[in-house]
Novice: 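Shown below is the structure under consideration.
When a ligand or atom number is given, it counts from 1 through the structure's own listing order.
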Amino acid sequence: MAVYTEVRAADAQLLLNQLELGSLQALKGIEGGVENTNYFVTTSRGEYVLTLFERLTAEQLPFYLQLTRHLADKGIPVPAPQPDCHGQLLFALCGKPAAVVEKLEGQSQLAPQPVHCAQLGGMLARMHLAGRDFALQQPNLRALPWWNATVPQVLPHLDAAQAQLLQQELAHQNAVAASADYARLPRGPVHADLFRDNAMFVGDRLSGIFDFYFAGVDTWMFDLGVVLNDWCIELESGRFDAARVQVLLRAYEAVRPLEAVERALLPDMLRAAALRFWVSRLWDFYLPRQASMLKPHDPGHFERVLRARLTGDLASALA
Ligand SMILES: Nc1ncnc2c1ncn2[C@@H]1O[C@H](COP(=O)(O)OP(=O)(O)O)[C@@H](O)[C@H]1O
Ligand SMILES: N[C@@H](CCOP(=O)(O)O)C(=O)O
């Protein structure tokens, strides 16, 4: 659970007044999430999510908020940020940047089946295409430069085998990123954290995707790698479930067929995506921040995912 900043009802009401969202009826800290402070807000007008941004700065936030606005306007089901009468989406609360977004209907599907993966794959491709004409630029802030800066901080906490794996994979990803093929990968705004807990289903129907606060401009294959590594694996082992991999990729390609260079680099992007979350989980685990309700995710999970990807199991899943 993560509530880093306690928000009083009176403070929340001041912001709701600015947005003309009615009178506060309930304010409830949200269990889940590790990055920001989130509250469910019930008002006389409806249900919303109030987010206080704990790490992101007011300079970085317009990218995320405008991107969700842009995607919502293009028919992608994402929680639209609520504007004030000047069209502003970003505010300040308790000394932190803050926003209020729509509350999506439904529940996360934490044990996804092929029926869920198919919808997610199609939605991911539609989201990539819908982002092509988004005007703002911001890199993925959890990409290679961040891994290079963070790995030395977590290495002292690892055993020798883990340290070797981490360093070897980082070296490999630096080499991939410097290659001509990598430069040819199509890119655009990506979600970069579209795990099963960042999508909602009503019954078996995908009702929306949310939590764009790691979004940035990166390769579409990195985004697909993040999704495959979470939606299409057996959680205990990190190994791929072939049926889910196949259905998700087929659904993605039904909307946007992969280019040859994307197909060739997908195994490396799967490894990159595993490395990204192994590093961030190690960082959260060994160098935690203060939070009144925080349960860090298990870093060992992404070590297993990375080891599974290193066996080349994408090819066997697609055989
Ligand atoms: N727009 C939304 N609609 C419905 N539920 C939401 C919404 N945003 C967040 N939540 C709920 O809050 C939880 C934590 O949000 P999340 O964005 O993942 O947090 P963090 O940014 O800290 O990682 C989610 O798992 C979900 O249950
Ligand atoms: N998905 C990441 C954690 C990022 O937090 P989120 O709650 O915003 O998804 C992970 O699983 O490590």
Novice: Would you mind telling me if ligand 1 is within reach of the side chain of V49, the backbone, both or neither, using heavy atoms under 4.0 Å?
Specialist: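 Under 4.0 Å from ligand 1, V49 contributes side-chain atoms alone.
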Novice: Is a donor from one side chain sitting under 3.5 angstrom from an acceptor on the other, for T51 and N38?
Specialist: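 Indeed, the side chains of T51 and N38 share at least one donor-acceptor pair under 3.5 Å.
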Novice: Work out whether the distance between some heavy atom of Y48 and some atom of ligand 1 is less than 4.0 Å.
Specialist: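 Outside the 4.0 Å threshold, so no.
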Novice: Classify the contact between T51 and ligand 1 as side chain, backbone, both or neither, using a heavy-atom distance cut-off of under 4.0 Å.
Specialist: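 Near ligand 1, T51 shows nothing, with every heavy atom at 4.0 Å or more.
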Novice: Taking atom types as modelled and ignoring hydrogens, do the side chains of D284 and H297 form a donor-acceptor contact shorter than 3.5 angstrom?
Specialist: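 Their side chains do not contain a donor-acceptor pair, so the 3.5 Å distance test is not met.
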Novice: Report the part of E102 (side chain from C-beta onward, or backbone N, CA, C, O) that has a heavy atom under 4.0 Å from ligand 1; answer both or neither where that applies.
Specialist: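 Only the backbone of E102 comes within reach of ligand 1.
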Novice: Are any of the N or O atoms of V101 closer than 3.5 Å to those of ligand 1?
Specialist: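 In fact, backbone or side chain, V101 has no N or O that close.
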Novice: Which of the atoms in ligand 1, numbered in the order shown and given with their element, are less than 4.0 Å from a heavy-atom of K103?
Specialist: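 So the answer, numbered in order with elements, is 3 (N), 4 (C).
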Novice: Under 3.5 Å between some N or O of ligand 1 and some N or O of N38?
Specialist: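 Yes; the residue has a nitrogen or oxygen that sits under 3.5 Å from a nitrogen or oxygen of the ligand.
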Novice: Give the numbers and elements of all ligand 2 atoms closer than 4.0 Å to a heavy atom of D193.
Specialist: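 The list of qualifying atoms is 1 (N), 2 (C), 4 (C), 5 (O), 6 (P), 8 (O), 9 (O).
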Novice: Do H172 and D268 have a side chain donor and acceptor closer than 3.5 Å?
Specialist: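 Result is yes, a qualifying pair exists.
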Novice: Determine, for R256 against E262, whether the closest basic-nitrogen to carboxylate-oxygen distance falls under 4.0 angstrom.
Specialist: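 Salt bridge present between R256 and E262.
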Novice: Evaluate D211 for polar contact with ligand 1, using N/O atom pairs at a separation under 3.5 Å.
Specialist: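 Yes; the residue has a nitrogen or oxygen that sits under 3.5 Å from a nitrogen or oxygen of the ligand.
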Novice: Is the shortest distance from a Lys or Arg side-chain nitrogen in E234 or R244 to a carboxylate oxygen in the other one below 4.0 Å?
Specialist: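 Yes, this pair counts.
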Novice: Tell me, please: is M200 in heavy-atom contact with ligand 1, that is, under 4.0 Å?
Specialist: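 Under 4.0 Å: yes for M200.
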Novice: As an exercise, identify every atom of ligand 1 less than 4.0 angstrom from a heavy atom of N198.
Specialist: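 Close to N198: 18 (O).
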Novice: State the atoms of ligand 2, each with its element, that fall below the 4.0 Å cut-off from a heavy-atom position in F195.
Specialist: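 Counting atoms of ligand 2 from 1, those under 4.0 Å from F195 are 1 (N), 10 (C), 11 (O).
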Novice: Look at the rings of F63 and F134 and say which category their plane angle falls in: under 30° parallel, 30 to 60° tilted, over 60° perpendicular.
Specialist: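 If you compare the ring of F63 with that of F134, the planes turn out perpendicular.
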Novice: Yes or no: does F214 have any heavy atom under 4.0 Å from an atom of ligand 2?
Specialist: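 The answer is yes: ligand 2 sits under 4.0 Å from a heavy atom of F214.
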Novice: Quick check on contacts: which atoms of ligand 2 are under 4.0 angstrom from a heavy atom of R281?
Specialist: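 Those qualifying, in numeric order: 10 (C), 11 (O), 12 (O).
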Novice: Just checking, any donor-acceptor pair under 3.5 angstrom between side chains of Q138 and Q60?
Specialist: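 Short answer, no.
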Novice: At less than 4.0 angstrom from any non-hydrogen atom of D211, what atoms of ligand 2 do you find?
Specialist: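 Numbered from 1, ligand 2 contributes 6 (P), 8 (O), 9 (O).
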Novice: Compute whether any side-chain donor of one residue and acceptor of the other, for Q25 and S44, lie under 3.5 angstrom apart.
Specialist: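 Per modelled atom types, Q25 and S44 side chains form no pair under 3.5 Å.
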Novice: Does either side chain, that of D133 or that of H70, offer a donor lying less than 3.5 Å from an acceptor on the other one?
Specialist: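 The answer is yes; a qualifying pair exists.
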Novice: Given S280 and R276, is the side chain to side chain donor-acceptor pair (under 3.5 Å) satisfied, shown in steps?
Specialist: CA-CA 6 Å; S280 63; R276 179 264 183 252; 2.7 Å; yes
Novice: Given that the side chain starts at C-beta and the backbone is N, CA, C, O, which of these parts of N36 lies under 4.0 Å from ligand 1, counting heavy atoms, or is it both or neither?
Specialist: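 It is both backbone and side chain that touch ligand 1.
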Novice: Between ligand 2 and N198, is the shortest N or O to N or O distance under 3.5 Å?
Specialist: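 Such a contact does occur with ligand 2.
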Novice: Using a strict 4.0 Å threshold on nitrogen-to-oxygen distance, state whether E259 and R263 make a salt bridge.
Specialist: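 Salt bridge between E259 and R263, a charged N being under 4.0 Å from a carboxylate O: no.
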Novice: Do any N or O atoms from the side chain of W147 and from the backbone of R142 form a donor-acceptor pair under 3.5 angstrom?
Specialist: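 Flag set: sc W147 to bb R142 pair under 3.5 Å.
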Novice: Quick one: which ligand 2 atoms are inside 4.0 Å of a heavy atom on H297?
Specialist: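 So the atoms of ligand 2 that pass are 3 (C), 10 (C), 11 (O), 12 (O).
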Novice: For ligand 1, which atoms sit closer than 4.0 Å to a heavy atom of P79?
Specialist: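 Once the distances to P79 are compared, the set is 1 (N).
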Novice: May I ask you to list the atoms of ligand 1 that are less than 4.0 angstrom from any heavy atom of D197?
Specialist: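 So the atoms of ligand 1 that pass are 25 (O).
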